[in-house]
Amino acid sequence: MMRRPPLVGLVLLVILAMAGCSGLPTTSSVHAGGAIDNHAPPTVGNIEYPGPAAGMSQKDIVGGFLDATAGTNQNYERAREYLTAAAGRSWVPRTVVVTSGSRDLMASGSNTVTATADSDASLDAQAHLTEEPDGATTTADFRLTKVNGEWRISKLPADFGLWMSVDQFKRIYQPQEVYYAAATGHTLVPDTQWYTQTGLVSSLAAAVMRGAPSWMDGMTFPPLPKGSELTGSSVSIDNDGVASVNVSEEVLSATPDQRTALWASMLATLGQVSEVRRVVVLVGGARLQAPGLPENPTTPSDFGYTAVSGNPAQLVGRTSQTQLQWMDAGDSGVDLRNKNHSRDHPTLPEINHNWYRLAISGDGQQVAAIDGADAVLGRWVDGHLSRIAGFGTDLVAPSFSTTRAASGDSVNELWVAGRSTSKDGGDSSAYGTLWVVDAELPVADAQPQPVDASWLRDKHITAIRLSPDGERIALAVTVKGGAAQVYVAGVVRDKKGHAQSLTKPLRVAPSLSGVQDVGWIDYLTLAVLCRDQGTGTVEPVSVPIGGLSSSMGETPGGTHLVATGAGASSLYVETDADTVLTRVGASWQKVPGVMAMIASGT
């Protein structure tokens, strides 16, 4: 079995226009000017669970408490009625376990009830959602005592938060994008975090101040100086839609570049909320100064920053063993062939039938491929082929990327992965390695350079794909024993924008098995092609980073996928019958006239 089915559609990563959310507050306050934190979004009803009734058993008390934690009252007064006064004061819920199926409650003779449930995901105190592997369970022990003749919970597990079913979680929480500045290139990279429908703006501002998650360390700017935080308990918004974000004096010790990045991150993150028209960052009532600070900045571009967003790639079809042709989805449905479209693009070279796993640069001037022995990287530059061999074996499909250096210049790279054939510290055994080729250098000088990622050395890399912004990479690997895993890591670059290493990775979709390929559906969502080892069924799975996976339907014989970055409707799957499938509605249909597909710049 590839994955469990209950969470289909939980994460669409659509930021609703009303977008009112926060984390797990225990108190709330209002600042002058009409803090958005007090707005009650109309999409969520005021659902309250019943309090304890007279004569309830120990198991009924625990079950009622767990139900009441899913209420919409953010102070959880109803849930606290099941606790003793002391337990109610000490319980500060900061995490969520997303459960499925029914709970099992077992009472023991020590006035303890043990609750067990299947665990599909967990939300941590920093609002990051992590999907759990198949078969994961969560268990909690509750100690009870009698108060005025009625059972109440007197002791909860340390750091116990909330338990919610999938439906409850979907009703209360929504995904939001928090933007952090890349260390080079003036790019803002999104991180998905989940918040409830109270106090959205304050929660998002606090998330920006908190800094990027650990898997982005090295890719993004270093954290703000220690002690940097919001002052006050909420962000106020005046009648003109100006959100005033008051930050502590420690921010004044940040570098000029950090202060500029903070402004840009706040604008990109808070600007998603419909009530926010403009953002002002204040220290002690005065605007936080930063280089080039405009009078009334409204977008990240006012600081030279660009927030990562969709950048759909152009398609190229392999129409025969040797011929490549530019394609155009346009209004032609699944028939993408359009000879007139080719006139607007560079001429594509003929490709010998021994080359496969093709990639094409964003400008169409370069083509890369792997030979049939998976040991040679071929590069066609202006139609001329050069071969690069001797650096690795078991090479996977290459991936082009383009990002910006701090100077504003484009950095164009070609990535490939496989097993290194060189020695390292006296160990001559092969291990998983990534290489990057500077695509701007003359062909004779452009040799694969290893990228530092020591965590890959005991893994066999089966697929890689750079994100549309070139700041992140998705990897499919197998580990000892043959288990498949999918990771996302940030790309750490030098001052000129050249890739040097990868960050500590984030594992995603641990329930997936039989992983064959990865791609980027959009700038926040992966597509992962999986084959069920038991049935042989092949299906692409949508995997939002920081969300929960969902099947996209069967693609019989699928071997390789191609994603343009333009969404799920622009995803293609190559099959073992030399055909290409594309998603039309809820089904997959054959694309006529092509045996393989390539998305330029990916």
Side-chain angles (χ1 to χ4, degrees), residues 1-13 100 120-121 130-136 357 394 396-397 399 417 432 459-465 467 473-489 505-522 524-565 567-577 579-583 586-590 596-597 599 602:
M1 181 177 181
M2 281 185 244
R3 60 177 306 280
R4 56 177 175 270
L7 292 166
V8 174
L10 174 59
V11 182
L12 297 178
L13 289 178
S100 61
D120 288 343
T130 301
E131 190 175 16
E132 300 288 351
D134 277 335
R357 296 179 178 169
D394 289 343
V396 304
S399 179
K459 298 174 176 64
H460 175 210
I461 306 172
T462 56
I464 63 169
R465 194 68 64 206
S467 61
I473 185 172
L475 307 97
V477 305
T478 55
V479 297
K480 188 175 181 179
Q485 298 176 347
V486 181
Y487 292 95
V488 175
L506 172 71
R507 188 179 177 190
V508 298
S511 62
L512 298 183
S513 62
V515 175
Q516 297 185 165
D517 205 359
V518 294
W520 291 81
I521 292 178
D522 56 38
L524 282 168
T525 312
L526 301 180
V528 180
L529 189 66
C530 300
R531 178 184 294 273
D532 189 294
Q533 303 302 307
T535 65
T537 301
V538 180
E539 63 176 358
V541 178
S542 174
V543 180
I545 301 171
L548 299 165
S549 55
S550 58
S551 172
M552 301 178 71
E554 293 185 20
T555 52
T559 59
H560 180 65
L561 62 78
V562 177
T564 69
S569 61
S570 296
L571 185 68
Y572 302 87
V573 175
E574 298 175 4
T575 76
D576 53 14
T579 60
V580 175
L581 305 176
T582 187
R583 201 167 190 230
S587 64
W588 293 85
Q589 296 184 21
K590 180 180 176 180
M597 195 74 79
T602 68

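Predicted, not measured: the structure shown is a model, and the values here were computed from it.
Atoms CG and CZ, from Asp517 and Arg465 in turn, are 6.0 Å apart once rounded to the nearest 0.5 Å. Atom CG of Leu506 is separated from atom OH of Tyr487 by 10.0 Å, given to the nearest 0.5 angstrom. To the nearest 0.5 Å, the span separating OG on Ser100 from CG on Asp120 amounts to 3.5 Å. The CG atom of Leu529 sits 5.5 Å away from the OG1 atom of Thr555 when rounded to the nearest 0.5 Å. Interatomic distance, Asp394 CG to His460 NE2, rounded to the nearest 0.5 Å: 4.5 Å. In this structure, Leu561 CG and Tyr572 OH are separated by 12.5 Å, a value rounded to the nearest 0.5 Å.
For the side-chain hydrogen bond (donor to acceptor under 3.5 Å, both in side chains) test, residues two or more places apart in sequence or in another chain that qualify with Ser467 are Asp469. Every residue meeting the salt bridge (Lys or Arg N to Asp or Glu O under 4.0 Å) condition with Arg357, not counting sequence neighbours, appears here in chain and number order: Asp374. By the side chain to side chain contact (heavy atoms under 4.5 Å, CB included) test, Val486 pairs with Val508, Val515, Val518, Leu526, Val528, sequence neighbours left out. Residues meeting the side chain to side chain contact (heavy atoms under 4.5 Å, CB included) test with Ala568, sequence neighbours left out: Ile521, Met552, Arg583. Among residues two or more places apart in sequence or in another chain, the side-chain hydrogen bond (donor to acceptor under 3.5 Å, both in side chains) test is passed with Thr575 by Thr579.
For the 3.5 Å distance criterion, the side chains of Ser549 and Glu131 qualify, holding a donor opposite an acceptor. A donor-acceptor contact under 3.5 angstrom links the side chains of Ser551 and Glu539, judged on distance only.
Tested against Ile545 for a side-chain contact (heavy atoms from CB on, under 4.5 Å), the candidates Val488, Thr525, Leu524 yield a single pass: Val488.
Side-chain atoms of Gln485 do not come within 3.5 Å of backbone N or O of Ala483 as any donor-acceptor pair. Of the possible donor and acceptor atoms, none in the side chain of Gln516 sits under 3.5 Å from a partner among the backbone N and O of Ala476. Side-chain atoms of Thr602 come within 3.5 Å of backbone atoms of Ala599 as a donor-acceptor pair (strictly under, hydrogens ignored).
The two residues Trp520 and Ile473 come nearest to each other via the heavy atoms CZ2-C, 4.2 Å.
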